[in-house]
Trainee: 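Let me give you the structure first, and then I'll get to my questions.
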2 protein chains.
Amino acid sequence: MNSRKEVSEAVIRRLPKYLRCLGELKSKKVLRISSKELSERMSLTASQIRQDLSCFGEFGQQGYGYNIEYLNESISKILGTYNGFKVIVIGAGNMGTAITKSDRIKNRGFNVVGIFDNNKDLIGTTIGNIKIQHIDKVKEFIKSNKIDIAALTIPKEQTEKIAEKMVTYGIKGLWNFSAIELKLPEHIAIENVHLSDSIMVLGYKINNE
Amino acid sequence: MNSRKEVSEAVIRRLPKYLRCLGELKSKKVLRISSKELSERMSLTASQIRQDLSCFGEFGQQGYGYNIEYLNESISKILGTYNGFKVIVIGAGNMGTAITKSDRIKNRGFNVVGIFDNNKDLIGTTIGNIKIQHIDKVKEFIKSNKIDIAALTIPKEQTEKIAEKMVTYGIKGLWNFSAIELKLPEHIAIENVHLSDSIMVLGYKINNE
DNA sequence: TAGATTGTTAATCGATTAACAATC
DNA sequence: TAGATTGTTAATCGATTAACAATC
C-alpha cells in the first residue's frame, strides 16, 4: 500500500504498541490526544511518535493532536488487520492450540481457519470449532481457501521442509515458532517467535540489571 | 557478572542466535570458525560479530578464529543458562502447558518447577510430571524453592496484579505473555512475548514486501 | 486572533561497518 | 617466518531527538 521510503523495522514494531495504547484510550472514551500526552503514556518521546507516524501519512491536526478513533483505524489498516488474513496452523500441539484459541489474535483480524497435523489420533478432533486435518490435505486446503499465513508450530527438524512446501503452495507469510532461521524467497514474509531466545534474554537481564 | 559499559539490547538479542549457530556447528563436529565464516552463515558482517563479542571479553585468537566449544560455553554463561534458573508458570492454559513441556527451554537451562492456576478443576492434575497447584500456594512456593522467574500466561486483566505480587514475593524476572506493558521496579527483569504484536508485524510485512 | 500542536528539517546520538595494528 | 584473523579505533550510516515554521 504505502511504500514510500522503506520504513525501518523499529518503527514497524512500535505500531502494535501504539495500537494497544490507543485501544485503551478508546475504551476510556477519550477522543483526542497530542503526541506529548501519548509519549508520556508510552514512555517515548513526542518527537519519535510524530516521526513514526509521518512514515505513513498525516494523521494529526495542528493545535488539536490526533483523533484516537481515526489514528487507531489508520494503524490497524497499516498492519493489515482489516485484510481478513486467513491463517492455518501446522502442528496441533500446545502452541498450535494456544494460537487457534487466542481471542486476541482473532480480534486483531487474523482468522485461524484450519489446523493440520500428522498424528492420526488427532485427525478429526477439534480445537475451538476447527477440525484437525491430516497434513496431506494442506495443499488443497490452501489453494481452495486462499490461505495467507501458515503458523508453524512443529518440531524444528520438520520446519524447514514444511516451510518450503508452504511457499510452493502459495502462502504469503510464515509465522515460525521453531528455533531456526528460515531461508526463503524474498517475497515471503517471515516472522519468528523464538521462545527459547526470549527466555535467554531474560536470563541475561536478570544477571545484568 | 560482566557490567562493563552497558551492552545494547540489539547485541543481547543476537546472542541466542550466535548460540544456535554454534550449536549446529558443534553438532557437525566443527572445532573452530572465523568471524568471516560465521558472518556468512548468519548473514551478518564479520565486523559486527567481532564488535558484539568484544562487549563481553576476548574469545578469539588472532590467526585462528574462535574455538566453537569455548565460544558456545561463554555465550551460554552470559545468558545465564548455567545459573540453574528456576521457573514457575502462572496459568495452566495452552501457553503455560507449551512452556512447561518445552524441551528447548529446559535444554537451555531454564527449569520449570511449578505451575499455578486458580481453576479448581485443574489443581492436582499434572503437566509433564509437575502438579498444578492453586495460586494461593505460590507465595510460599517461591520463597521455599527460591524461584527466579515467573512466566505469566494468564488473561491480561489479571496480569498486572499478579505481576506486582510476584515482585513482592521476590521473583527476579517476569516472562510476560499478556499484551500489556508492565511497569515494575527497575531491578525486576521483564521480557515480553506479545504474540498479537508479532502477527500484526507479519501482516505488515505481507502487505509491504 | 492567540495558543496549541502538527509535520518536517536539522542536529545529535548510537549502532554498524571499515580499516588496521597487534599477534597468534 | 608468513598468513590469517583477532580486538579495537575511526568512519559511516541510520535512528532518535530537538527545533521551528506552518496552520488548525
Side-chain angles (χ1 to χ4, degrees), chain A residues 2-18 21-22 25 30-75 78 201 204 208, chain B residues 2-15 17-18 21-22 25 30-75 78 201 204 208-209:
Chain A
N2 241 311
S3 284
R4 295 151 176 269
K5 282 251 176 72
E6 180 74 38
V7 182
S8 83
E9 176 107 0
V11 174
I12 311 301
R13 293 202 177 274
R14 280 193 291 270
L15 295 181
K17 299 192 195 303
Y18 290 130
C21 190
L22 292 165
L25 288 162
V30 184
L31 296 179
R32 67 186 192 87
I33 194 163
S34 66
S35 57
K36 177 129 190 300
E37 276 183 276
L38 192 58
S39 76
E40 283 157 7
R41 280 184 169 270
M42 297 187 62
S43 316
L44 301 172
T45 64
S47 205
Q48 180 165 64
I49 290 173
R50 296 201 300 277
Q51 197 70 272
D52 282 357
L53 297 178
S54 76
C55 297
F56 305 100
E58 310 192 353
F59 304 108
Q61 209 163 69
Q62 287 97 328
Y64 175 88
Y66 299 90
N67 177 286
I68 285 165
E69 182 72 35
Y70 177 64
L71 185 56
N72 189 66
E73 290 266 311
S74 303
I75 295 176
I78 294 164
V201 171
Y204 177 86
N208 297 83
Chain B
N2 242 312
S3 283
R4 295 152 177 269
K5 282 249 176 73
E6 181 75 37
V7 181
S8 82
E9 177 106 0
V11 174
I12 310 302
R13 293 203 178 274
R14 279 192 293 271
L15 295 181
K17 299 192 196 303
Y18 291 129
C21 189
L22 292 166
L25 289 161
V30 184
L31 295 180
R32 68 185 192 88
I33 195 163
S34 66
S35 56
K36 177 130 190 299
E37 276 182 276
L38 192 57
S39 76
E40 283 155 9
R41 282 185 169 269
M42 296 188 62
S43 316
L44 301 173
T45 65
S47 205
Q48 180 165 62
I49 291 173
R50 295 201 301 277
Q51 197 69 273
D52 281 357
L53 296 177
S54 75
C55 296
F56 305 100
E58 311 193 352
F59 304 109
Q61 208 162 69
Q62 287 98 327
Y64 174 87
Y66 299 90
N67 177 287
I68 285 166
E69 182 72 34
Y70 177 63
L71 186 57
N72 189 66
E73 290 266 311
S74 303
I75 296 176
I78 293 165
V201 171
Y204 177 87
N208 297 84
E209 70 183 30

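Chain identifiers are assigned alphabetically (A, B, ...) following the order of the sequence lines, protein sequences preceding nucleic acid strands; residue numbering begins at 1 within each chain.
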Trainee: Could you give the CG-to-P distance, from A:Leu44 to D:dA18, as a whole number of Å?
Mentor: 13 Å

Trainee: Ignoring hydrogens, what is the shortest heavy-atom contact between A:Leu31 and A:Tyr64? Give both atom names and the distance.
Mentor: O-OH, 4.4 Å

Trainee: In this structure, how many angstroms lie between the P atom of D:dG14 and the CG atom of A:Asp52, rounded?
Mentor: 17 Å

Trainee: To the nearest 0.5 Å, what is the distance between CG on B:Leu38 and CG on B:Leu53?
Mentor: 8.0 Å

Trainee: Starting at CG of A:Leu22, measure out to CD1 of A:Ile75 and round the result to the nearest 0.5 Å.
Mentor: 5.5 Å

Trainee: Mind calculating the distance between CD (A:Glu6) and P (D:dC13) to the nearest angstrom?
Mentor: 17 Å

Trainee: Quick one: pull up OH in A:Tyr204 and CZ in B:Phe56 and give me the separation to the nearest 0.5 Å.
Mentor: 4.5 Å

Trainee: Between A:Gln48 (CD) and C:dT12 (P), how many Å, whole number?
Mentor: 19 Å

Trainee: If you take all heavy atoms of A:Ala46 and A:Ser39, which pair is closest and at what distance?
Mentor: N-CB, 3.3 Å

Trainee: Using a cut-off of 4.0 Å between protein heavy atoms and nucleotide atoms, how would you tag nucleotides 1-8 of chain D 5' to 3' with B, S and -?
Mentor: ---BBBBB

Trainee: Taking all atoms of both residues into account, what is the closest heavy-atom pair of A:Arg14 and A:Asp52, and its distance?
Mentor: NE-OD2, 2.7 Å

Trainee: Are any of A:Thr45's side-chain N or O atoms less than 4.0 Å away from OP1 or OP2 of D:dT17?
Mentor: yes

Trainee: Please report the interatomic distance CD(A:Glu40) to OG(A:Ser35), rounded to the nearest 0.5 Å.
Mentor: 10.0 Å

Trainee: Just how far is it from atom CZ of B:Arg50 to atom OH of B:Tyr66, taken to the nearest 0.5 Å?
Mentor: 6.5 Å

Trainee: Using the criterion of both pairing distances under 3.5 Å for Watson-Crick and G-U wobble pairs, give all stems of 3 or more consecutive pairs involving DNA chain C.
Mentor: C:3-24 with D:3-24

Trainee: Is any side-chain nitrogen or oxygen of B:Arg14 closer than 4.0 Å to OP1 or OP2 of C:dA15?
Mentor: no

